[in-house]
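Remarks on the structure that follows.
Owing to the predicted nature of the structure, the values given are computational and were not obtained by experimental measurement.
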Amino acid sequence: PPTNSQKDVYYDSLGLTGTYHQWWIDLYNLVIAQRPNVDLQHVPISPILASVLSSQYMSSVLFQDLFEDGAPHGLPTIYFIAALIQYMAMNDGEVGPDPSYVVPTDPLILHPSLVSNYNEIVSLIYDLLQNEPVPPTSPVTSPPVASPTPPSPVAPIAPPTSSPTSAPVATSCCEQLDYPGVGCTTIA
């Protein structure tokens, strides 16, 4: 398993100053330049996810309890947090599909730290969404050049030993599929 400092380096690479996040901003600007009349939103999932994972609520969770390999491909907790960020961004910070929503408590589905700190994590995501810098929405005069695939946030870490909005949305997240050149992107 990675050391705490390796985990921190990975989370930092997903942040607002990392090349991974910049690739998504370049893609966003490229789409805006080519489709200036489209209402497009950029949802900074990776930076917010990194902030949540580095927060007092999740920072003690071991890397191998969140990721299944060194690529890293996430376990359900990662995808749950990413989906929560996306949902809240698309619904102006509204939390959850229904006020009566009960977070699954099965540790094979969601990590106990997420379950026990769910309300605090939702508040943190809300605050981060309110304070995230918003990329420009006006057309740029010369479109940026984006590579066809996002860069890897950092070099892969050795595998652990254990196991609707009406506006189109551009989504960035840290999970990448096993298909070369395909990233976790939604542009409608």
Atom pair [atom1] ([X]) and [atom2] ([Y]), whose distance is rounded to the nearest 0.5 Å:
| X | Y | atom1 | atom2 | result |
| --- | --- | --- | --- | --- |
| Ile121 | Ile81 | CD1 | CD1 | 5.5 Å |
| Asn29 | Trp24 | CG | CH2 | 13.5 Å |
| Leu66 | His73 | CG | NE2 | 15.0 Å |
| Gln34 | Leu30 | CD | CG | 4.5 Å |

List the atom of [X], the atom of [Y], and the distance in Å for their closest heavy-atom pair.
| X | Y | value |
| --- | --- | --- |
| Met58 | Thr77 | CE-CG2, 4.0 Å |
| Gln41 | Tyr28 | C-CE1, 3.9 Å |
| Pro44 | His21 | CB-CE1, 4.0 Å |
| Phe63 | Pro72 | CZ-CB, 3.8 Å |
| Lys7 | Val61 | NZ-O, 2.9 Å |

Side chain to side chain donor-acceptor pair (under 3.5 Å) with Ser5: which residues, sequence neighbours excluded?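 Residues passing side chain to side chain donor-acceptor pair (under 3.5 Å) with Ser5: Thr3.
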
Side chain to side chain donor-acceptor pair (under 3.5 Å) with Gln22: which residues, sequence neighbours excluded?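 Only Asp26 meet the side chain to side chain donor-acceptor pair (under 3.5 Å) criterion with Gln22.
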
Is Ile78 reachable from Ile109 through a run of I, L, V, M, F, W or Y residues, each pair having side-chain heavy atoms under 4.5 Å apart?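 In one cluster with Ile109: Ile78, yes.
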
Do [X] and [Y] make a side-chain contact, defined as non-hydrogen atoms from C-beta onward lying under 4.5 Å apart?
| X | Y | answer |
| --- | --- | --- |
| Ile48 | Leu129 | yes |
| Leu62 | Asp65 | yes |
| Leu40 | Arg35 | no |

Ignoring hydrogens and angles, write down the donor-acceptor pairs under 3.5 Å from the side chains of residues 49-57, residues two or more places apart or on other chains.
residue, atom, partner, partner atom, Å
Ser51, OG, Pro47, O, 3.1
Ser54, OG, Ala50, O, 2.9
Ser55, OG, Val52, O, 2.7
Ser55, OG, Tyr57, N, 3.2

By side chain to side chain contact (heavy atoms under 4.5 Å, CB included), which residues pair with Val103, not counting sequence neighbours?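 By the side chain to side chain contact (heavy atoms under 4.5 Å, CB included) rule, Val103 matches Tyr101, Leu110, Val115, Tyr118.
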
Applying side chain to side chain contact (heavy atoms under 4.5 Å, CB included), name anything that partners Asn37, two or more places apart in sequence or on another chain.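 Asn37 satisfies side chain to side chain contact (heavy atoms under 4.5 Å, CB included) with no other residue.
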
Check the angle between the aromatic planes of Tyr11 and Phe67 and answer parallel, tilted or perpendicular using the 30° and 60° thresholds.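 It falls in the tilted class, 30° to 60°.
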
